[in-house]
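Both counts, for ligands and for their atoms, begin at 1 and track the order of listing. FYI, side chains are in, hydrogens and waters are out, and symmetry mates aren't considered; it's all heavy atoms of this structure. Keep in mind the model is a prediction, meaning the values are calculated, not measured.
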Amino acid sequence: MNQSSSSSRVLSGMRPTGRLHLGHYHGVLKNWVELQHQHECFFFIADWHALTTHYDDPSVIPESIWDMVIDWLAAGVDSEAATLFVQSLVPEHAELHLLLSMITPLGWLERVPSYKDQQEKLKEKDLATYGFLGYPLLQSADILIYRASQVPVGEDQVAHVELTREVARRFNHIYGREPDFEEKAEQARKKMGKRAAKQFTQLQRAYQEQGDPQALEDGRALLQAQQNINTEERERLLGYLEGSGRLILVEPQPLLTKASKMPGLDGQKMSKSYENTISLREKPEHVEQMLKRMPTDTNRVRRTDPGDPQKCPVWQFHLVYSDDGTKQWVEEGCRSAAIGCLDCKGPVIESVLNELNPMQQRAAEFEAQPDLVRRIITEGSERARVVAQETMREVREAMSLRGFES
Ligand code: TRP
Ligand code: SF4
């Protein structure tokens with residue numbers, strides 16, 4: 001496992017939608033597999049999020065969760081490198097969601113673009129619910145509870161990370177302003193030792209008086225490197241550095257995943273709703289058959305008719321999978337009718353099968369060991385829960401939720 005600090009913690013989630021396909025692999029999972037070796041990563045299955053749109057038919061969710069975990073593992077997401085968990089097994093997400101809901105203006109949620117878009121798109125469903133309006137805030141809780149600084153998401157989710165930043169800022173502003181904030185911050189500053197304390201003050205001035213962004217960055221790095229202060233003191237100093245209150249919740253950044261260029265079998269983007277997918281566990285014979293049946297440039301009626309790769313979905317696959325030599329062979333062979341479409345599909349079929357083969361082997365291994373898969377998720381959820389509980393202790397304290405304790 002990667003032991004880097006929370007300053008580079010990564011969190012992302014996926015709704016359980018059933019079996020994953022090559023679009024998910026190229027668009028998301030390949031990226032996760034890389035990130036898990038560079039950062040401390042938390043990846044989770046957002047089963048409560050699935051309920052916001054599928055509340056009328058939740059019975060399919062458990063199987064979708066199961067399939068998704070297996071597909072993640074098959075794709076190379078590694079339960080030793082990253083923490084894998086299920087949202088509903090960490091109920092603290094719900095508590096934070098509730099507490100954040102107290103300070104979140106309705107307008108912030110109504111303005112999230114996906115709110116109206118999705119209602120339009122899923123017209124057959126009644127999405128005028130409290131849960132659906134609040135779902136971006138649930139996502140904020142998902143992120144903030146791990147103090148994740150980076151959230152790998154697609155373009156469509158950036159607005160949700162933006163909302164998360166605003167909510168974190170508002171929370172810190174309201175609850176990070178302890179009455180004796182400056183006094184406590186000064187105490188913490190001195191605790192760092194003479195040199196670091198002096199350096200801190202210089203950076204604090206450079207940032208607050210001259211707005212020097214490098215000073216802010218250096219100041220944060222300085223605080224991260226300190227061994228003599230605890231988390232609470234670090235949060236206080238982070239806020240002191242920026243001129244706000246104590247930073248209890250961390251503002252995350254979206255880590256934009258490059259838009260996947262993975263085409264579907266019809267040349268449109270690969271997506272379940274277009275029925276043009278190749279799922280990760282599709283049988284090789286079937287994959288081959290689907291690719292062989294794929295439409296090509298419609299001008300190539302006969303084998304002797306020349307074609308244009310630009311008008312052919314198969315070309316999109318070559319762009320993902322083929323080297324320059326092969327691509328040149330396609331360009332020339334297609335335009336001169338020197339090759340047939342089945343010839344042209346040969347290298348694509350081979351590449352897709354080669355890519356799927358190790359995944360399918362891993363999938364088979366995990367399918368054969370359901371107890372292992374269950375353990376990966378329960379242990380991952382327990383690990384996640386420890387972190388979530390730590391944040392909740394501080395959140396409750398900041399909000400004066402002490403129960404009966406004085
Ligand atoms: N809303 C995301 C989606 O529909 C899934 C999600 C839920 C998520 N919580 C998250 C993604 C937290 C990143 C971080 O794809
Ligand atoms: Fe498409 Fe290849 Fe056939 Fe040209 S030769 S039309 S690129 S499948």
Side-chain angles (χ1 to χ4, degrees), residues 9-17 20 24 27-28 31-32 35 41-54 68 85-88 90 93-94 96-97 112 114-115 117-118 132 134-146 148-164 252-257 263 265 267 291-319 322 326-349 384:
R9 201 176 268 162
V10 166
L11 172 124
S12 199
M14 247 191 233
R15 286 168 180 252
T17 47
L20 302 184
H24 295 112
V28 185
N31 190 236
W32 287 11
L35 286 167
C41 287
F42 290 80
F43 300 128
F44 76 102
I45 296 190
D47 56 343
W48 281 338
H49 284 266
L51 282 176
T52 62
T53 48
H54 287 72
M68 191 169 255
F85 68 98
V86 172
Q87 184 184 35
S88 63
V90 188
H93 289 225
L96 185 58
H97 177 209
V112 173
S114 58
Y115 179 56
D117 290 358
Q118 289 289 93
F132 186 71
Y135 113 77
L137 189 64
L138 177 58
Q139 182 163 355
S140 299
D142 298 336
I143 298 168
L144 296 173
I145 208 161
Y146 299 99
S149 54
Q150 300 189 70
V151 185
V153 283
E155 197 73 64
D156 61 319
Q157 299 283 313
V158 172
H160 298 167
V161 181
E162 205 40 59
L163 170 77
T164 306
Q253 292 289 346
L255 190 64
L256 251 188
T257 331
L265 290 162
L291 288 165
K292 280 187 172 157
R293 286 194 192 140
M294 237 182 112
T296 61
D297 178 358
T298 47
N299 286 325
R300 293 205 74 179
V301 183
R302 279 170 302 246
R303 166 71 177 74
T304 48
D305 295 331
D308 178 358
Q310 298 302 326
K311 295 183 185 147
C312 177
V314 178
W315 176 245
Q316 304 295 319
F317 275 75
H318 279 292
L319 290 177
S322 299
T326 309
K327 281 189 275 195
Q328 201 181 345
W329 170 76
V330 173
E331 282 267 12
E332 288 168 9
C334 178
R335 291 184 198 281
S336 63
I339 60 170
C341 290
L342 269 184
D343 303 327
C344 179
K345 288 173 174 179
V348 165
I349 294 173

Report task. Specify the protein heavy atom at minimum distance from atom 5 (S) of ligand 2: its residue, its atom name, and the distance to 0.1 Å. Result -> Arg300 NH1, 3.1 Å

Query raised in the report: NE2/His318 to OG1/Thr326 distance, rounded to the nearest 0.5 angstrom?
Result: 7.5 Å

Requested in this report: Measure the distance from atom 4 (O) of ligand 1 to every protein heavy atom, then report the residue, atom name and distance (to 0.1 Å) of the closest one.
Outcome: Arg15 NE, 3.3 Å

**Report entry** Heavy atom of the protein closest to atom 7 (C) of ligand 1 (residue, atom name, distance)
**Finding:** His49 NE2, 3.4 Å

Query raised in the report: Quick one: nearest non-hydrogen protein atom to atom 2 (Fe) of ligand 2, plus distance?
Result: Cys344 SG, 2.3 Å

Requested in this report: Please confirm if an N, O or S atom belonging to Cys334, backbone or side chain, lies less than 2.8 Å from atom 2 (Fe) of ligand 2.
Outcome: no

Requested in this report: Name the closest protein heavy atom to atom 8 (C) of ligand 1, giving the residue it belongs to and the distance to 0.1 Å.
Outcome: Gln139 NE2, 3.5 Å

**Report entry** Nearest non-hydrogen protein atom, atom 9 (N) of ligand 1
**Finding:** Asp142 OD2, 2.8 Å

Report task. Can you sort out which atoms of ligand 1 are near Val151, meaning under 4.0 Å from one of its heavy atoms? Result -> 13 (C), 14 (C)

Requested in this report: For atom 5 (C) of ligand 1, find the nearest protein heavy atom and state the residue, atom name and distance (0.1 Å precision).
Outcome: Gly13 O, 3.7 Å

**Report entry** Distance filter under 4.0 Å to Gln157 heavy atoms, resulting ligand 1 atoms
**Finding:** 1 (N), 2 (C), 3 (C), 4 (O), 15 (O)

Report summary line: Any heavy atom of Val314 under 4.0 Å from ligand 2? The part involved is side chain

Query - Leu138, portion touching ligand 1 at heavy-atom distance under 4.0 Å - result: neither

Report task. Give the numbers and elements of all ligand 1 atoms closer than 4.0 Å to a heavy atom of Ser12. Result -> 13 (C)

Query raised in the report: Can you list the atoms of ligand 1 that are under 4.0 Å from a heavy atom of Leu11?
Result: 12 (C), 14 (C)

Requested in this report: Would you tell me which option among Cys312, Cys341, Gly333, Ala338 has the nearest heavy-atom contact to atom 7 (S) of ligand 2?
Outcome: Cys312

